[in-house]
Participant: 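Sending over a structure as structure tokens; questions will come in a sec.
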Amino acid sequence: MSDDAEVQSRPGLVVALDGPASSGKSSVGAAAAVALGYRFCDTGLLYRAVTWLAVQRGIGESDPAGLVQLVGSVQLLADDGGRLAHVAIDGEDVTDAVRGPDVDAAVSAVSRVPEVRAALLERQRRIASAGRIIMAGRDIGTVVLPNADLKLYLDATAEERARRRAEERGLASDGPEAAEILEQLRRRDVIDSTRPVAPLRAAPDAVHLQTDGNEFERTVRLVVDAVQHREAELAGSGVNVTATPAQPAVPPRPTQPRAAPGRRQRRPIEPTPIAAFLNPLILFGSFVLRVVVRLFTRVRIEGDLAAIPRAGSVLIAANHASNADPVLIGAFLNPRLGRPMNWLGKREVFEWPVLSWLVRQAGVHPVDRGAADVEAFRSAMRILEAGHVLAVFPEGTRSPDGRLQAAKDGVAVLALRSGATVVPIGVGDSDRLWPKGRLLPRFTPSVTVTIGAPFRLNEALAAEDPEAAQDRRRAKEAGTVLIMRRIAALLPERQRGIYGGSPPS
Ligand code: DC
């Protein structure tokens, strides 16, 4: 079977996700796509990028031909999971710039120009033709993809949407800026829904999701459930829901690592869906692993497990002295925590059919170590941004002698950028149970998994080292040391290595 034939047998739908400004389409759609292993496309970015260029060049809606000319410079960028949530102009990533208030103010006017819409229509259809995609916008279910397999319409009151937008920008919800945001949203709603061509409107066959008062995770869950339900429905009715997936119809992000000339192109590895719920398989697997571990040692769990948040992004950072560590942390803590952990694992593991299936069930995400840390970082950020638990070993590899080694800065950067709650964990004496270089574990009286107090790195750093907190480069270095010293404080003295010394307050 060719690679193509294999990928074509993966089921996948074309999902239209429409809704007004700030209804959460982009963030919810992207997170749901990650959970489902789907591609994602935020079509609003196309209109925003054209508008941004138009503002820069002083081209207004009275010059349709001038606006259409700008369309050719705009490209959506695919990340390694095929998600089109970034936009470039002439190769330069301008995603942040196009989300600014100047574009907010002008984009609805540019988007109502029929010629601009016509110029972008074919592009959007081409992207969707590869299937297995969630495409977010205003007119996806009505105009761009009227035959979509599933149409969702995400909505919330203008007040709720304005409140969320103000919160995102760190503004008080009752201040004058928030009032201005509400006003602008209302203006955009009016223009978007009254324009003659492709107005914002729910397709008659769309499923409405009213999201007022919902937690972000709950809305993502609703979308994921709706897609899975429709997948099952179509599969049950005998309708062929297979599609040629994941060949983005646009070039990949320029920052993505390319294969070196002459280096053999490796087969792409399917991304693992984010482990978001404890399923029976994880629970059963954890039980079996606990039984096996107890044949060799007694496991003591110390610290305050109840303090670990039961919702929102959590970054578990542990020392790594043994192959037993992920089992000691995952199998022993997952069920008590009530949430599964996600992990990063080398891609080689995913080349073995049964093993690959097992590690995916355990929430391990493939990372190509040959492609540097960039890929690992992106996978990790996706998990945290979607509000889930990620467990990492900041040292990167097992310690040869059980003592802490110098950690990489990646974990601190993740913690600082995502704002996730960091939970330090010290796994004591796992190096005695199963040291590096030994084929099998050996009998050991006990090992201890100690859970430290959760903290947010931005806040801890601001309190402990305010100067470093102000400087990006120093913040990641100081943040790494802070995390590692908190792990060290949870370990027996002999294992504290270079992060020993007086424990942090
Ligand atoms: O989703 P957003 O706020 O990023 O979209 C920006 C603008 O783009 C929105 O005000 C209307 C326009 N748009 C559109 O007209 N059709 C789409 N499919 C997507 C966006």
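Both counts, for ligands and for their atoms, begin at 1 and track the order of listing. Throughout, residue positions are numbered sequentially from 1 according to the sequence presented.
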Participant: So which heavy atom in the protein is nearest atom 16 (N) of ligand 1, and how far is it from that ligand atom?
Facilitator: Arg117 NH2, 2.9 Å

Participant: Is atom NE2 of His229 surrounded by more than 12 heavy atoms (other residues, nucleotides or ligands) closer than 6.0 Å?
Facilitator: no

Participant: Any side-chain donor paired with an acceptor under 3.5 Å for Ser379 and His365?
Facilitator: no

Participant: What residue and atom, counting heavy atoms only, is the protein's closest point to atom 6 (C) of ligand 1, and at what distance?
Facilitator: Arg188 NH2, 3.5 Å

Participant: Considering non-hydrogen atoms of the protein only, which is the closest contact for atom 5 (O) of ligand 1, and what is the distance?
Facilitator: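 Ranking protein heavy atoms by distance from atom 5 (O) of ligand 1, first comes Arg138 NH2, 3.5 Å.
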
Participant: Quick one: nearest non-hydrogen protein atom to atom 18 (N) of ligand 1, plus distance?
Facilitator: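 In this structure, atom 18 (N) of ligand 1 has Asp139 OD1, 2.9 Å as its nearest protein heavy atom.
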
Participant: Starting from atom 8 (O) of ligand 1, which protein heavy atom do you reach first, and at what distance in Å?
Facilitator: Tyr47 CB, 3.4 Å

Participant: Can you check whether Ala202's main-chain N or O pairs, donor with acceptor, with Asp18's side chain at less than 3.5 Å?
Facilitator: no

Participant: Side chain, backbone, both or neither: which applies to Arg195 and ligand 1 if a contact is any heavy-atom pair less than 4.0 Å apart?
Facilitator: side chain

Participant: Within the supplied structure, the quantity of interest is the number of heavy atoms (other residues, nucleotides, ligands) at a distance under 6.0 Å from Glu217 CD; does it exceed 12?
Facilitator: yes

Participant: Classify the contact between Arg112 and ligand 1 as side chain, backbone, both or neither, using a heavy-atom distance cut-off of under 4.0 Å.
Facilitator: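 It is neither; nothing of Arg112 touches ligand 1.
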
Participant: Going by the atom numbers of ligand 1, which of them fall below 4.0 Å from some non-hydrogen atom of Ser108?
Facilitator: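 That gives atoms 10 (O) of ligand 1.
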
Participant: Where is the nearest protein heavy atom to atom 7 (C) of ligand 1: which residue, which atom, and how far?
Facilitator: Val107 CG2, 3.5 Å

Participant: Any N/O of Asp42 closer than 3.5 Å to an N/O of ligand 1?
Facilitator: no

Participant: State, without any angle test, whether Ser23 and Asp155 hold a side-chain donor-acceptor pair at a distance under 3.5 Å.
Facilitator: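 Asp155 and Ser23 do not have a side-chain donor-acceptor pair below 3.5 Å.
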
Participant: First locate atom CG of Leu182, then atom CZ of Arg163, and finally report the distance between them rounded to the nearest 0.5 Å.
Facilitator: 12.0 Å

Participant: Distance to 0.1 Å, residue and atom name: give those for the protein heavy atom nearest to atom 4 (O) of ligand 1.
Facilitator: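 The protein heavy atom lying closest is Arg48 NE, 2.6 Å.
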
Participant: Any N or O of Thr43 that comes nearer than 3.5 Å to an N or O of ligand 1?
Facilitator: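 Yes, at least one N or O pair falls under 3.5 Å.
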
Participant: Other residues, nucleotides and ligands only: do more than 12 of their heavy atoms fall within 6.0 Å of CZ on Arg125?
Facilitator: yes

Participant: For ligand 1, which part of Lys25 has a heavy atom less than 4.0 Å away: the side chain, the backbone, both, or neither?
Facilitator: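 Looking at Lys25 and ligand 1, just side chain atoms fall under 4.0 Å.
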
Participant: Within a radius of less than 6.0 Å around CZ of Arg310, do more than 12 heavy atoms belonging to other residues, nucleotides or ligands occur?
Facilitator: yes

Participant: So which heavy atom in the protein is nearest atom 12 (C) of ligand 1, and how far is it from that ligand atom?
Facilitator: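 Protein heavy atom at minimum distance: Ser111 OG, 3.3 Å.
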
Participant: Between the side chains of Tyr47 and Arg117, does any donor sit under 3.5 Å from an acceptor?
Facilitator: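 Per modelled atom types, Tyr47 and Arg117 side chains form a pair under 3.5 Å.
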
Participant: Report, in ascending order of atom number, the atoms of ligand 1 lying under 4.0 Å from any heavy atom of Gly44.
Facilitator: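 Answer, ordered by atom number: 4 (O), 5 (O), 19 (C), 20 (C).
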
Participant: Are any of the side-chain heavy atoms of Asp104 and Arg188 separated by less than 4.5 Å?
Facilitator: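 A side-chain contact under 4.5 Å exists here.
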
Participant: Answer with side chain, backbone, both or neither: which part of Asp192 has a heavy atom less than 4.0 angstrom from an atom of ligand 1?
Facilitator: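 Near ligand 1, Asp192 shows its side chain, while the N, CA, C and O stay back.
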
